[in-house]
Amino acid sequence: MKQTAALEHDLTPKQQEAVDYKGEHMLIKGIAGSGKTTVLLRRALKIVTEEKGTTVALFTYNATLAAYAKYLADLINPNRVKVYTFHSWAGQVLRALNIRTNTVWNSMQDELFEKALSKAGTGSEHRFFKQERFKTFLKEEISWIKGKNLQQRDAYLKVERIGRTGNVRVTKADREKIFDLLETYQKFLKQENKLDYDDYAPRILDIQAELPDSVKIDHILVDEAQDLQQAQLQVLRIAARKSMIVAADKGQKIYNTSFAWRDIGINIQGGRTKVLQNTFRSTRQIIELAHSLQKNDPIVKAKDEDYIEPLYPDVHGSKPQVIDCGKVQDEERMLVQMVKALRDRSPDRTIGVVTRWWKHVKRMQNLFADADILSEMIQKQEGNVHTPGVKLTTLHSVKGLEFDIVLVVKVREGNIPAVRGDEDEDDEYIAVERRLLYVAMTRAKHELYMLYSGAPSRFIEEMDETLFSKVKL
Ligand SMILES: Nc1ncnc2c1ncn2[C@@H]1O[C@H](COP(=O)(O)OP(=O)(O)OP(=O)(O)O)[C@@H](O)[C@H]1O
């Protein structure tokens, strides 16, 4: 019965209002654990119950969250509520339109990018082509341009680069060079008969007037919309026949996207925006600590209109712990001991172990296996978040999920924030790294532990130290 809890508990009046809303567009803004996914699923349930023959789809931002939501959606009605990531659906659309979907893998994309950099930079003394440290910036800029569907040079030269206010100053002449690079990269992709993932939405927008009715969906629900690109949301808006409802939390934004709702063509003025401020997932102690970290986020400091202040929950639990393990080997030993003890104490609970990189996840899985601890990796369709036991995943993949107990490991400098390697550690980069930790912390329902060895993450230093217990091995 535990699994169906999300579909059965009473809703607050605010949540119920969002479920019952009758209009074409709605934005649900809410903090971590405020019930955004729950409201979307309940709305799906209501639609399939009340409207015979209509189609409903929930879009989540990655495959891991899609698997999590599909599990819940199948409890509603496996045939009526579809769950997609943008790319899983857009790939089907492109194939239905006979548009190639041979997509480059990371390594090939890097290779083509390097080739384009060298070709576009031939004979140029421009710093972008001469200095290694701009590579990550240039890749992100190209992804941003495609995400905004800026296909014409002129449009890019004129656009306000919202969300791209990093340390790299970009003049008009610099933009010309960036666009040269983009065009060269696109030419190389075409020669290989490939596209990259950022091309899916612009390709569909190219033929939007001819989008066949067969690929459209009556009601589209979008979760974690803050991390979708503008072009992707525009495509979904066009594909929605009757309604498009989006849920978003800017405080959890971990990707390089920027858009205004009006650019997407959805009207969220006045009563079309519902705000959820109560949080149901975690104890007060967890939310207070996570919020003390979040207070350092530039969007909080700037009083961004899309930021929602949490209301602390009444449910209390133990104080989160921050454990200084000394050396790396000691951290791993401590982790194994703790996970074993927690599992033996609470065999019916989900225990999420979250770390930065997949290589760490794999290493931990081996350590657990050596200690006879059964663990599951949560990645895309792999693993089940809803069943008790030890689950391993990364800071990026944990978004949208939840566990009874969470251990965030290797919370040290160099790891979170990760070293970027191109000296461009601007405020936005650090803000995203901070949000990754905030997201991981707010996955915990009852207990939260953070472990580190070596120098603690600067984010631990940012938290209010009265809100966690310090443990030193
Ligand atoms: N009204 C409610 N009463 C009790 N529990 C609730 C209520 N609303 C939501 N929950 C529970 O709170 C938890 C968080 O809900 P949900 O995942 O929908 O939040 P969310 O806003 O999507 O979170 P996030 O943005 O952090 O992923 C879930 O376990 C859900 O079942």
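For ligands, and for the atoms within them, numbers begin at 1 and follow the listed sequence.
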So, 4.0 Å and heavy atoms of [X]: is ligand 1 close enough to count as a contact?
| X | result |
| --- | --- |
| G400 | yes |
| I31 | yes |
| E224 | yes |

For [X], is the [atom1] atom crowded, meaning more than 12 foreign heavy atoms sit under 6.0 Å from it?
| X | atom1 | value |
| --- | --- | --- |
| D344 | CG | yes |
| K14 | NZ | no |
| E51 | CD | yes |

For ligand 1, is any non-hydrogen atom under 4.0 Å from [X]'s backbone (N, CA, C, O), its side chain (CB onward), both, or neither?
| X | answer |
| --- | --- |
| H9 | side chain |
| D10 | backbone |
| K399 | neither |

Enumerated ligand 1 atoms positioned under 4.0 Å from heavy atoms of G35:
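Close to G35: 9 (C), 15 (O), 16 (P), 18 (O), 19 (O), 20 (P), 21 (O).
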Nearest heavy atom to atom 18 (O) of ligand 1: which of N278, T38, I28 does it belong to?
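Answer by nearest heavy atom: T38.
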Candidate with minimal heavy-atom separation from atom 22 (O) of ligand 1, of V315, T37, D223:
T37
For the residue pair E305 and Y307, confirm or rule out a side-chain donor-acceptor distance under 3.5 Å.
no
Taking the six-membered ring for Trp, are Y68 and H386 closer than 6.0 Å centroid to centroid?
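Centroid distance Y68-H386: below 6.0 Å, so yes.
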Quick one: is the NZ or CZ of K319 closer than 6.0 Å to the six-membered ring centre of F468, and within 45° of its axis?
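Relative to the ring axis of F468, which defines the angle, K319 lies outside at least one limit.
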G33 versus ligand 1: do any nitrogen or oxygen atoms come within less than 3.5 Å of each other?
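Yes - when backbone and side-chain N and O of G33 are compared with those of ligand 1, one distance drops under 3.5 Å.
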Please find the pair of heavy atoms, one from L40 and one from L221, that lie closest to each other, and give the distance.
O-CD1, 3.4 Å
